[in-house]
Amino acid sequence: MERVPAVEGLFTEEGGAKLLGSKCATCGTVYFPKSASCHSPKCDESKIGDFGFGGKGTLWSYSIQDFPPPPPHKFDKPYEIYALGVVDFPAGVRVMGQMSIDNLEDLKVGSEVELVIEPLYHEDDKEFTSWKFKQL
Ligand SMILES: [Zn+2]
């Protein structure tokens, strides 16, 4: 089955799972998704460049999506309850994403998680992928 990103340009699987963001060379502020300029009020000069990051982070918070999200969200039927996690990465950015976990009761704020790229839904004989967080 063909494996394609659910949204282009937000992440890559080449050389390991990475989110594609931006970083300001002047102040070090990291942005995800990419930003065309630096928005930090403390920054003297916006010098934005591409910045990929991934690996491990810390689960800051999560919520349980216990009802099917409205369009344009897509999911495989029948709907399965999942958790949305908010993860702090050492690069200094906080990112939201679906949790990859078998038992939602095992979720624990403060846990170490790892960025992974996994199937999000299937359509037209294709597997659409997105980033998720796997609790370690
Ligand atoms: Zn800056």
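Computation of the quantities below employed the complete heavy-atom set of this structure, encompassing side-chain atoms and omitting hydrogens, waters and symmetry-equivalent molecules. Remember, it's 1-based here, ligands and their atoms both numbered in the order they're listed.
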Go through the steps to decide whether F89 and W60 satisfy the test ring pair (Phe, Tyr, Trp, His ring centres under 6.0 Å), and finish with yes or no. CA-CA 10 Å; F89 282 92; W60 179 73; over 10 Å; no
Can you list the protein N, O or S atoms less than 2.8 Å from the Zn ion (ligand 1)?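 Metal shell, protein only: C24 SG, C27 SG, C38 SG, C43 SG.
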Checking S35 now: which residues fulfil side chain to side chain donor-acceptor pair (under 3.5 Å) with it, not counting sequence neighbours?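 Expected list: H39.
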Contacts of type side chain to side chain donor-acceptor pair (under 3.5 Å), residue R94, not counting sequence neighbours: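 By the side chain to side chain donor-acceptor pair (under 3.5 Å) rule, R94 matches D88.
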List, one per line, each side-chain donor-acceptor pair under 3.5 Å for residues 105-119, sequence neighbours excluded.
{"unit_1": "S111", "atom_1": "OG", "unit_2": "K108", "atom_2": "O", "d": "2.6"}
{"unit_1": "E118", "atom_1": "OE1", "unit_2": "S100", "atom_2": "OG", "d": "3.0"}
{"unit_1": "E118", "atom_1": "OE2", "unit_2": "S100", "atom_2": "OG", "d": "3.2"}

Could you go through the ring pair (Phe, Tyr, Trp, His ring centres under 6.0 Å) check for Y121 and F128 one step at a time? CA-CA 5 Å; Y121 62 92; F128 289 87; 4.9 Å; yes
N/O donor-acceptor pair under 3.5 Å between Y79 side chain and F67 backbone: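 Checking the backbone N and O of F67 against the side chain of Y79, a donor-acceptor pair under 3.5 Å is found.
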